[in-house]
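Working notes, structure below.
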Amino acid sequence: QVQLAESGGGLVQAGGSLRLSCAASGRTLSVYAMGWFRQAPGKEREFVARITWSGERTTYADSVKGRCTVFRDRTKNTVYLQMNSLKPEDTAVYYCAVDVGKVLGTYDYWGQGTQVTVSA
């Protein structure tokens, strides 16, 4: 089992920046990749970004390309999502998730989420 703890959310003005953190603990050697998702009120959860654990290959949703960067701090078992040029439509609860690599495209563990609110 892998435990995830997101942090770094908050209220920012449009055009501002936030850095979200996802600290992983437990059986971290089982992690194949970690992903960021978000869910706005009344909306389905959507993919934001992904990074593989060992190779640090990254993937981004088209909606955040050029504005977001996902990266890993190996010394802390922490993955970050740096978000710049934030827009009101970025407002959502952001979740960190773990893919253990058993089933392609499946995320097995989820954090509790951190709220990001972008005001106009």
Side-chain angles (χ1 to χ4, degrees):
Q1 186 177 356
V2 178
Q3 293 81 44
L4 303 173
E6 302 101 327
S7 61
L11 174 64
V12 298
Q13 297 262 351
S17 299
L18 282 175
R19 180 176 290 181
L20 307 183
S21 300
C22 177
S25 61
R27 296 179 59 85
T28 56
L29 290 177
S30 69
V31 175
Y32 173 75
M34 297 181 68
W36 286 97
F37 294 77
R38 65 188 183 186
Q39 187 169 23
K43 302 290 186 179
E44 294 291 320
R45 184 176 294 172
E46 65 175 337
F47 169 79
V48 176
R50 172 185 172 94
I51 183 170
T52 61
W53 197 249
S54 60
E56 299 186 12
R57 305 287 187 181
T58 58
T59 306
Y60 299 94
D62 288 341
S63 59
V64 302
K65 283 182 179 178
R67 299 191 296 122
C68 294
T69 303
V70 60
F71 61 98
R72 177 189 177 190
D73 184 342
R74 294 179 180 270
T75 67
K76 298 180 179 179
N77 284 328
T78 299
V79 171
Y80 301 90
L81 182 67
Q82 177 69 43
M83 302 191 295
N84 303 318
S85 301
L86 285 164
K87 307 172 182 178
E89 50 262 45
D90 294 318
T91 295
V93 177
Y94 284 70
Y95 297 90
C96 183
V98 166
D99 176 4
V100 301
K102 294 289 187 180
V103 179
L104 183 64
T106 297
Y107 290 84
D108 305 274
Y109 304 103
W110 296 80
Q112 81 287 347
T114 185
Q115 176 71 48
V116 171
T117 303
V118 184
S119 63

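Numbering starts at 1 and runs along the sequence shown.
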Can you tell me how far [atom2] of [Y] sits from [atom1] of [X], rounded to the nearest 0.5 angstrom?
X	Y	atom1	atom2	value
Cys22	Arg72	SG	CZ	11.5 Å
Arg38	Lys43	CZ	NZ	11.5 Å
Ser7	Gln112	OG	CD	8.5 Å
Gln115	Gln39	CD	CD	11.0 Å
Glu6	Thr78	CD	OG1	11.5 Å

Test question: given the 4.5 Å side-chain rule for I, L, V, M, F, W and Y, name all other residues clustered with [X], or answer none.
X	value
Tyr80	Phe71
Met83	Val2, Leu4, Val12, Leu18, Leu20, Val31, Met34, Trp36, Val48, Ile51, Trp53, Tyr60, Val64, Val70, Val79, Leu81, Leu86, Tyr94, Val98, Val100, Tyr109, Val116, Val118
Tyr32	none

Using the ring-ring contact (aromatic ring centres under 6.0 Å, His included) criterion, which residues pair with Phe47? Sequence neighbours excluded.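 For Phe47, the residues satisfying ring-ring contact (aromatic ring centres under 6.0 Å, His included) (neighbours in sequence not counted) are Phe37.
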
Arg57 (side chain) donor-acceptor with Thr52 (main chain) under 3.5 angstrom: no

Answer yes or no: is there a donor N or O on one side and an acceptor on the other, between the side chain of Arg50 and the main chain of Ala61, under 3.5 Å? no

What's the shortest heavy-atom distance between [X] and [Y], and which atoms?
X	Y	answer
Tyr107	Ala97	CD2-CB, 3.7 Å
Thr114	Gly9	OG1-N, 3.2 Å
Asp73	Thr75	OD1-OG1, 2.6 Å
Ser17	Ser85	OG-N, 4.3 Å

Can you sort out the partners of Lys102 under side chain to side chain donor-acceptor pair (under 3.5 Å), two or more places apart, ordered by chain and number?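 Result, side chain to side chain donor-acceptor pair (under 3.5 Å) vs Lys102: none returned.
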
Within a radius of less than 6.0 Å around CD of Glu89, do more than 12 heavy atoms belonging to other residues, nucleotides or ligands occur?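 Yes - once you tally the heavy atoms of other residues, nucleotides and ligands closer than 6.0 Å, there are more than 12.
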
With a 4.0 Å cut-off on N to O distance, would you call Asp62 and Lys65 a salt bridge? yes

Considering only residues two or more places apart or on different chains, which pairs with a residue in residues 23-65 satisfy disulfide (SG to SG under 2.5 Å)?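 Found none.
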
I would like to know whether Gln1 and Arg27 meet side-chain hydrogen bond (donor to acceptor under 3.5 Å, both in side chains); could you show each step before the answer? CA-CA 6 Å; Gln1 186 177 356; Arg27 296 179 59 85; over 6 Å; no

